[in-house]
A.B. asks: 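Dumping the structure here so I can ask a few things about it.
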Amino acid sequence: MNIFATFKSRIDAVIGELAAEGALPAGLDLARVAAEPPREASHGDVTTNAAMVLAKPAGKAPKEIANLLVARLKKVADVTDASVAGPGFINLKLNDEIWRSGLRDVLTTGTSYGDGAPGQHGVINVEYVSANPTGPMHVGHARGAVVGDALARLLAKAGFTVTKEYYINDAGGQVDHVARALRARYLQALGKLSEEDVQGMLQRKEIMYGGDYLVPVAEALKARDGDKWAAATDDKVWIPVLRDFTVAYMMKAVKEDLEALGVHHDVFSSEKALVDAGKVDDALKFLENAGLTYTGVLEPPKGKTPDDWEPRPQLLFKATQFGDEVDRPVKKSDGSWTYFAGDIAYHKDKVDRGFNNLVNIWGADHGGYVKRVQAALKALTAGKGALDVQLCQMVRVLNNGEPVKMSKRAGTFVTLRDLLDEVGKDVVRFIMLTRKNDAPLDFDYAKVMEKSRENPVFYVQYAHARGRSVFRLAKEMFPAADLSDGGLAKADLARLTDPDEIGVLRTIANWPRTVEGAALAHEPHRLAFYMYELASQFHGLWNKGNEETHLRFLQPEDQSVSCARLALVRGVGLVIASGLAVFGVEPVEEMR
RNA sequence: GCGCCCGUAGCUCAAUUGGAUAGAGCAUCUGACUACGAAUCAGAAGGCUGGAGGUUCGAGUCCUUCCGGGCGCGCCA
């Protein structure tokens with residue numbers, strides 16, 4: 001039960017009554033009326049802006065409306081007081097019992113507390129990672145993977161039906177380049193080239209990928225095929241073979257990395273399969289029939305004409321009709337499709353599979369690409385499809401403040417494996433979600449393992465572990481008590497009276513709002529801040545008991561109050577566990 | 001040059017998406033351990049939200065413009 005949603009509907013009902021009696025105009029739009037927790041706790045328990053947002057449409061002063069509403073709201077269930085404040089806010093004070101009943105909800109629903117009604121928001125497709133199968137996953141991919149996965153879990157929790165998807169860029173020039181690089185490493189494995197030869201080829205740009213991660217791939221190819229491809233001269237023959245071999249090898253590695261990170265996709269879509277099935281041709285035919293493609297010549301970008309610029313007629317998509325700055329090429333000069341053409345086909349494919357609500361998680365370096373894909377989606381769906389692109393900024397990897405250098409070209413970059421080996425899956429996942437994704441993130445090996453309040457993953461886990469340790473002790477202290485969630489739900493929660501105890505219950509009551517808000521905004525990181533806040537309150541309460549012993553959770557002489565407080569401790573634990581589940585992080589039973 | 005993102009306490013970041021007196025942590029200062037694990041907690045101090053205009057009951061949030069930073073800008077993906 002979402003307390004704020006409950007009061008939103010009660011407030012709406014009061015407005016409806018007043019309208020029915022003629023005190024307010026009928027048919028007011030209540031969409032902007034909100035029932036929220038006030039920022040300032042001293043303002044009460046629930047605040048509403050109703051009087052202010054209705055002032056203009058109702059043609060009355062905010063305070064006048066507020067006074068009308070306050071008189072009625074005082075009589076609404078659970079309200080102990082209502083008052084007008086500031087420019088027309090209405091502050092409601094509630095019976096503490098409402099927070100206690102919120103805690104009972106947590107105990108009876110467990111970690112599904114805060115879930116939206118399944119399917120209430122329809123279907124949605126989240127595409128993330130989509131790393132090129134040309135090398136191992138690095139930190140940048142890891143951030144996208146975690147953000148996408150957490151967002152998908154969050155959306156599911158809020159009541160979306162979610163499909164998690166990965167787009168494999170296994171067509172086009174990059175995978176051919178990898179095939180050529182693999183050929184060099186293969187010849188090296190056969191003893192026909194030296195390391196110096198390979199580095200020379202790299203410097204002369206004869207091959208584009210030089211990382212030694214291709215060495216084991218070459219060994220594997222040699223193990224399978226011997227020297228079968230050593231003498232092959234026709235690159236139409238050997239490139240497809242080596243390319244497919246690399247792609248398969250890399251995708252296997254990528255999937256293993258994702259598995260180790262706890263990321264699972266429902267669907268893997270292959271660009272090559274799309275091309276082979278003729279879907280790119282179909283999609284472009286679709287746009288052509290709609291009159292949205294033409295052959296034209298693009299102007300060079302203003303103020304920055306590339307050295308080798310030459311005007312060239314190309315097949316273009318009329319992206320400007322859908323909000324993009326320029327029309328975008330869909331065909332290369334050699335007649336093959338551009339990457340964008342493939343992406344048009346891919347997004348059409350998603351739409352054809354029934355998805356009109358799409359989210360893509362990309363690296364920030366693809367920011368310039370967003371508008372054209374959104375334009376394409378509008379063109380493909382007659383404006384009905386929605387595509388939100390969440391861009392992930394850089395991750396700076398540090399060790400005790402020292403930057404760890406990354407360069408994919410030189411083959412030295414921080415891989416996802418490095419991260420996992422260094423700090424573990426749960427820490428990687430949590431830290432990646434402690435910033436909004438469009439802000440750069442510092443990932444410091446040393447700091448994320450620190451056991452201090454500065455380290456949010458530790459701080460939140462510590463709160464959970466502390467709660468568990470109370471239960472271990474409680475079982476010894478009250479062997480006969482029913483400490484199951486169901487048993488605690490029956491505890492006499494009226495024994496929870498301290499303002500800080502009620503404060504924790506307030507935060508717990510805010511969890512469903514937080515989940516829904518974060519889901520609709522596509523911002524999973526909000527849950528990290530929520531969990532930190534809840535942990536902070538819990539630690540505060542714990543420590544208060546150090547000085548005021550009557551506030552300690554366990555009172556050996558008073559099982560009734562102990563059980564009420566255990567219910568609170570359990571509620572905190574369940575909400576934290578529920579947030580960590582969205583993050584794909586295991587709550588710990590004890591700190592080691 | 002153009003487009004997108006960003007600019008909040010000395011530092012790292014929040015701010016319920018347009019709400020009330022802009023909040024946390026670190027660092028600084030002051031306190032609390034014969035403990036429910038102090039790996040923590042309580043308190044103090046710290047601000048012209050980059051600058052200037054505008055929109056309205058109300059702006060860190062929206063619009064315009066300038067300054068500063070990041071990313072990108074036709075046959076890479």
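Basis for what follows: all heavy atoms, side chains included, without hydrogens, waters or symmetry-related copies. The sequence lines fix the lettering, A, B, ..., with proteins before strands; numbering per chain opens at 1.
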A.B. asks: Using the P atom as the point on both nucleotides, what is the distance between B:C29 and B:G18, in whole Å?
C.D. replies: 41 Å
A.B. asks: Test your reading of the model: is there a side-chain donor-acceptor pair from A:Tyr213 to the backbone of A:Thr134, 3.5 Å cut-off?
C.D. replies: yes
A.B. asks: Take A:Glu548 and A:Asp442, find for each the nucleotide of RNA chain B with the closest heavy atom, and name the residue whose nucleotide sits nearer the 5' end.
C.D. replies: A:Asp442
A.B. asks: Starting at CD of A:Glu299 and ending at C1' of B:C2, how long is that distance when rounded to a whole Å?
C.D. replies: 13 Å
A.B. asks: Can you tell me how far apart OG1 (A:Thr293) and CG (A:Leu315) are? Round to the nearest 0.5 Å.
C.D. replies: 5.0 Å
A.B. asks: Can you confirm whether the side chains of A:Glu165 and A:Tyr346 place a donor and an acceptor under 3.5 Å from each other?
C.D. replies: yes
A.B. asks: Using Watson-Crick and G-U wobble pairs with both distances under 3.5 Å, what is the 5'-to-3' dot-bracket string of RNA chain B, with [ ] for crossing pairs and | for pairs outside the strand?
C.D. replies: (((((((..((((.....[...)))).(((((.......))))).....(((((..]....))))))))))))....
A.B. asks: Can you see whether A:Asn510 engages A:Tyr530 through a side-chain donor-acceptor pair at a distance of less than 3.5 angstrom?
C.D. replies: no
A.B. asks: Can you measure A:Arg243 atom CZ to B:A77 atom P for me and round it to whole angstrom units?
C.D. replies: 13 Å
A.B. asks: Considering every strand and a 4.0 Å limit on heavy-atom distances, what is the contact class for A:Thr549: base, sugar-phosphate, or nothing?
C.D. replies: nothing
A.B. asks: Contact class for A:Ala171 (heavy atom, under 4.0 Å): base, sugar-phosphate, or nothing?
C.D. replies: sugar-phosphate
A.B. asks: Under the 3.5 angstrom rule, does the side chain of A:His539 hit a backbone N or O of A:Ser536 as a donor-acceptor pair?
C.D. replies: no
A.B. asks: Counting the atoms with a prime plus P, OP1 and OP2 as sugar-phosphate, which does A:Asp176 contact under 4.0 Å by heavy atoms, base, sugar-phosphate, or nothing?
C.D. replies: nothing
A.B. asks: What's the gap between B:G43 and B:U64 when it is taken at their P atoms, as a whole Å value?
C.D. replies: 43 Å
A.B. asks: Starting from C1' on B:U40, measure out to CG on A:Asn455 and report it in whole angstrom.
C.D. replies: 14 Å
A.B. asks: Could you check whether A:Val389 gets within reach of a base, just the sugar-phosphate, or nothing at all, counting any heavy atom under 4.0 Å?
C.D. replies: nothing
A.B. asks: Heavy atoms only, 4.0 Å cut-off, all strands: where does A:Gly545 land among base, sugar-phosphate and nothing?
C.D. replies: base
A.B. asks: Do side-chain atoms of A:Lys63 reach the backbone of A:Gly86 as a donor and acceptor pair under 3.5 angstrom?
C.D. replies: yes
A.B. asks: Taking for each residue the nucleotide of RNA chain B with the nearest heavy atom, is it A:Glu271 or A:Gly86 whose nucleotide lies nearer the 5' end?
C.D. replies: A:Gly86
A.B. asks: Which listed nucleotide (B:A15, B:C41, B:U40) is nearest to the side chain of A:Tyr459?
C.D. replies: B:C41
A.B. asks: Using a cut-off of 4.0 Å on non-hydrogen atoms, how would the nucleic acid contact of A:Glu523 be classed: base, sugar-phosphate, or nothing?
C.D. replies: base
A.B. asks: Is the cationic atom of A:Arg513 (NZ for Lys, CZ for Arg) positioned less than 6.0 Å from the six-membered ring centroid of A:Phe4 and within 45 degrees of its normal?
C.D. replies: yes
A.B. asks: Strictly below 4.0 Å, heavy-atom distances to any atom of RNA chain B: list the hits from residues 363-370 of chain A, or just say none.
C.D. replies: A:Ala364, A:Asp365, A:His366, A:Gly368, A:Tyr369
A.B. asks: Determine the interatomic distance between C1' on B:U56 and the same-named atom on B:C41; round to the nearest Å.
C.D. replies: 44 Å
A.B. asks: What is the distance from CD of A:Glu325 to P of B:G72, rounded to the nearest Å?
C.D. replies: 16 Å
A.B. asks: From the options B:C4, B:A20, B:C57, select the nucleotide whose nearest atom is closest to the side chain of A:Lys56.
C.D. replies: B:C57
A.B. asks: Any chance you could lay out the side chain to side chain contact (heavy atoms under 4.5 Å, CB included) test for A:Lys544 and A:Asp498, step after step, and finish with the verdict?
C.D. replies: CA-CA 11 Å; A:Lys544 206 173 166 187; A:Asp498 186 82; 3.1 Å; yes
A.B. asks: Would you call A:Glu127-A:Lys350 a salt bridge at under 4.0 Å N-O?
C.D. replies: yes
A.B. asks: In whole Å, measure the gap between the C1' atoms of B:C33 and B:A27 for me.
C.D. replies: 24 Å
A.B. asks: Quantified in whole Å, what is the P atom distance between nucleotide B:C63 and nucleotide B:G31?
C.D. replies: 50 Å
A.B. asks: Students often get this wrong, so: under 4.0 angstrom with heavy atoms, is A:Lys544 touching a base, only sugar-phosphate, or nothing?
C.D. replies: nothing
A.B. asks: If you look at every strand shown and take non-hydrogen atoms under 4.0 Å, does A:Lys436 touch a base, only sugar-phosphate, or nothing?
C.D. replies: sugar-phosphate
A.B. asks: Which part of the nucleic acid does A:Arg466 contact within heavy-atom distance under 4.0 Å: base, sugar-phosphate only, or nothing?
C.D. replies: sugar-phosphate
A.B. asks: Classify the side-chain pair A:Thr507/A:Gln537 by whether it contains a donor and acceptor separated by less than 3.5 Å.
C.D. replies: yes
A.B. asks: Using only atom types and a distance under 3.5 Å, with no angle test, would you say the side chain of A:His522 pairs donor to acceptor with the backbone of A:Gln390?
C.D. replies: no
A.B. asks: Side chains of A:Tyr294 and A:Asp327: do they bring a donor and an acceptor to under 3.5 Å?
C.D. replies: yes
A.B. asks: Name the closest nucleotide to the A:Asp438 side chain, picking from B:C6, B:C57, B:A38.
C.D. replies: B:C6
A.B. asks: Between B:C76, B:C41, B:A20, which nucleotide has the shortest distance from any of its atoms to the side chain of A:His539?
C.D. replies: B:C41
A.B. asks: What does A:Glu310 touch in the nucleic acid at a heavy-atom separation under 4.0 angstrom: a base, only the sugar-phosphate, or nothing?
C.D. replies: base
A.B. asks: Any chance the side chains of A:Arg495 and A:Ser562 put a donor and an acceptor closer than 3.5 Å?
C.D. replies: no
A.B. asks: Between atom CZ in A:Arg396 and atom P in B:G69, what is the gap in whole Å?
C.D. replies: 16 Å
A.B. asks: Provide, to the nearest angstrom, the distance between the CG atom belonging to A:Leu274 and the P atom belonging to B:A77.
C.D. replies: 15 Å
A.B. asks: For B:A38, does OP1 or OP2 lie under 4.0 Å from any side-chain N or O of A:Trp542?
C.D. replies: yes
A.B. asks: Please tell me whether A:Phe430 and A:Tyr459 form a close aromatic pair, meaning their ring centres lie under 6.0 Å apart.
C.D. replies: no
A.B. asks: Answer yes when A:Glu523 and A:Lys436 have at least one side-chain N-carboxylate O distance shorter than 4.0 Å, and no when they do not.
C.D. replies: no
A.B. asks: Does NZ or CZ of A:Lys331 come closer than 6.0 Å to the centre of the six-membered ring of A:Trp337, within 45° of the ring's axis?
C.D. replies: yes
A.B. asks: With a non-hydrogen cut-off below 4.0 angstrom, is A:Arg328 in contact with a base, only sugar-phosphate, or nothing?
C.D. replies: nothing
A.B. asks: Of the nucleotides B:A14, B:C4, B:A20, which one has an atom closest to the side chain of A:Lys371?
C.D. replies: B:C4
A.B. asks: From B:G19, B:G70, B:G74, pick the nucleotide closest to the side chain of A:Met52?
C.D. replies: B:G19
A.B. asks: Ignoring backbone atoms, establish whether A:Lys332 has a side-chain N or O less than 4.0 Å from OP1 or OP2 of B:A77.
C.D. replies: yes
A.B. asks: Provide the distance between the two P atoms, one in B:G25 and one in B:U21, to the nearest whole Å.
C.D. replies: 23 Å
A.B. asks: With sugar-phosphate meaning primed atoms plus P, OP1 and OP2, does A:Phe89 contact a base, only sugar-phosphate, or nothing at under 4.0 Å between heavy atoms?
C.D. replies: base
A.B. asks: Heavy atoms only, 4.0 Å cut-off, all strands: where does A:Pro62 land among base, sugar-phosphate and nothing?
C.D. replies: nothing
A.B. asks: Whether A:Asn546 contacts B:A38 is assessed here as follows: a side-chain N or O lying under 4.0 Å from the phosphate OP1 or OP2. Is that the case?
C.D. replies: yes
A.B. asks: Among the candidates B:G19, B:U40, B:A77, find the nucleotide nearest to the side-chain atoms of A:Asn49.
C.D. replies: B:G19
A.B. asks: Reading nucleotides 21-28 of chain B 5' to 3', which nucleotides get B (base under 4.0 Å from a protein heavy atom), which S (sugar-phosphate only), which -?
C.D. replies: ---SSS--
A.B. asks: On a whole-Å scale, what distance lies between the C1' atoms belonging to B:A52 and B:A14?
C.D. replies: 27 Å
A.B. asks: Name the closest nucleotide to the A:Tyr339 side chain, picking from B:G74, B:A77, B:G19.
C.D. replies: B:A77
A.B. asks: Starting at atom CG of A:Asp170, determine the distance to atom P of B:C76, rounded to an integer number of angstrom.
C.D. replies: 17 Å
A.B. asks: I'd like the C1' distance from B:C2 over to B:G51, given in whole Å.
C.D. replies: 23 Å
